[in-house]
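Everything on this sheet refers to the single structure shown next.
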Amino acid sequence: NHLTAMSELSAAEITELLREAKAIKEGTVRPELAGKFVANLFFEPSTRTRFSFEVAEKKLGMNVLSLDGTSTSVQTGESLYDTVKTLESIGADACVIRHSTDEYYKDLTGRVNIPILNAG
């Protein structure tokens with residue numbers, strides 16, 4: 001499942017996310033996430049958001065692949081879709097993306113087989 005906009009979630013889903021976040025903060029372990037690979041693609045400068053995601057991912061036991069916009073082939077003309085498909089093919093289990101284009105994720109959802117999390 002993708003998480004691209006809070007407006008797409010029901011009140012019950014938001015409540016469940018908050019409950020899960022509280023449980024994790026209190027020390028609940030999510031063993032099913034340990035060892036999973038998550039790719040963080042940040043095409044905009046962001047200190048708080050980028051490192052908040054990275055710290056949370058590492059606390060959950062995930063392996064983090066961090067890319068900024070200057071270190072990807074998108075800079076040489078590769079599409080965001082091709083970049084995400086490449087990451088998917090090498091074993092990424094999810095992508096967290098912060099991009100300057102509004103609703104960039106619409107080109108990805110339904111075309112990739114890993115969750116896309118919109119980081120703003």
Side-chain angles (χ1 to χ4, degrees):
N1 292 336
H2 304 291
L3 180 55
T4 56
M6 293 296 289
S7 60
E8 295 176 359
L9 299 176
S10 68
E13 289 170 318
I14 293 170
T15 300
E16 177 60 22
L17 278 175
L18 292 172
R19 188 199 62 72
E20 184 72 21
K22 182 179 179 194
I24 290 169
K25 185 177 182 181
E26 292 171 352
T28 298
V29 177
R30 296 286 308 267
E32 70 274 17
L33 296 177
K36 298 282 186 178
F37 282 88
V38 61
N40 292 336
L41 292 95
F42 279 72
F43 295 95
E44 293 183 312
S46 173
T47 302
R48 276 190 310 265
T49 304
R50 178 179 175 196
F51 288 109
S52 292
F53 270 100
E54 192 166 330
V55 167
E57 293 155 353
K58 288 181 177 183
K59 284 183 176 183
L60 291 169
M62 300 177 86
N63 298 305
V64 179
L65 306 170
S66 289
L67 301 157
D68 64 38
T70 62
S71 64
T72 69
S73 296
V74 170
Q75 293 299 312
T76 60
E78 181 178 84
S79 70
L80 179 59
Y81 169 77
D82 288 336
T83 298
V84 173
K85 285 302 280 185
T86 297
L87 291 165
E88 178 183 338
S89 71
I90 63 171
D93 296 293
C95 276
V96 174
I97 304 173
R98 182 171 183 133
H99 201 282
S100 60
T101 303
D102 287 338
E103 299 182 338
Y104 67 86
Y105 47 82
K106 287 186 175 182
D107 186 46
L108 302 173
T109 56
R111 296 180 65 204
V112 297
N113 299 308
I114 58 175
I116 302 298
L117 291 90
N118 182 17

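Start at 1 with the first residue, then count along the sequence. Computed over heavy atoms, backbone and side chain alike; hydrogens, waters and symmetry mates excluded.
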Worksheet entry | Value rounded to 0.5 Å, distance of CG in Asn118 from OH in Tyr104 | 3.5 Å
Worksheet item: If you group Ile, Leu, Val, Met, Phe, Trp and Tyr by side-chain heavy-atom gaps below 4.5 Å, do Tyr81 and Tyr105 land in one group?
Response: yes
Response to the item:
Value for CG (Asn113) from OG (Ser89), rounded to nearest 0.5 Å, stands at 11.5 Å
Discussion item. Given 3.5 Å as the limit, does a donor-acceptor pair link the side chain of His2 with the main chain of Ile116, or not?
Written reply: yes
Worksheet item: Atom CD of Glu20 and atom CZ of Arg30: how far apart are they, to the nearest 0.5 Å?
Response: 4.5 Å
Worksheet item: Would you say Leu18 and Lys22 make side-chain contact, with heavy atoms under 4.5 Å?
Response: no
Worksheet item: Tell me, do Val96 and Phe42 make a side-chain contact under 4.5 Å, heavy atoms counted?
Response: yes
Worksheet entry | Rounded distance (nearest 0.5 Å) linking atom CG of Leu41 with atom CD1 of Ile97 | 5.5 Å
Discussion item. Count I, L, V, M, F, W, Y as connected when their side-chain heavy atoms are under 4.5 Å apart, and connections chain through other members. Are Ile24 and Phe51 then in the same cluster?
Written reply: no
Worksheet item: Once you round to the nearest 0.5 Å, how far does CG of Leu17 lie from CG of Leu3?
Response: 6.5 Å
Fill in: Validation row: Thr101, Leu80 side chains within 4.5 angstrom (heavy atoms)
no
Discussion item. For a 4.5 angstrom cut-off between non-hydrogen side-chain atoms, does Val38 reach Leu117?
Written reply: no
Worksheet item: Short question: side chain of Glu54, backbone of Val64 - any donor-acceptor pair under 3.5 Å?
Response: no
Fill in: Side chain to side chain, Asn40 and Arg50, heavy atoms closer than 4.5 Å
no
Worksheet item: Is the closest side-chain heavy-atom distance between Ile114 and Lys85 below 4.5 Å?
Response: no
Worksheet item: Should Leu108 and Leu65 be regarded as members of a common hydrophobic cluster, given that ILVMFWY residues are connected when their side-chain heavy atoms come within less than 4.5 Å of each other, either directly or indirectly?
Response: no
Discussion item. With rounding to the nearest 0.5 angstrom, report the CG to CD distance, Leu9 to Glu16.
Written reply: 11.5 Å
Item to complete: Taking the side chain as every heavy atom from C-beta outward, state whether Arg111 and Val84 have any pair of such atoms under 4.5 Å apart.
Response: no
Item to complete: With the side chain counted from C-beta on, respond yes when Ile90 and Phe37 share a heavy-atom pair under 4.5 Å apart, and no when they do not.
Response: no
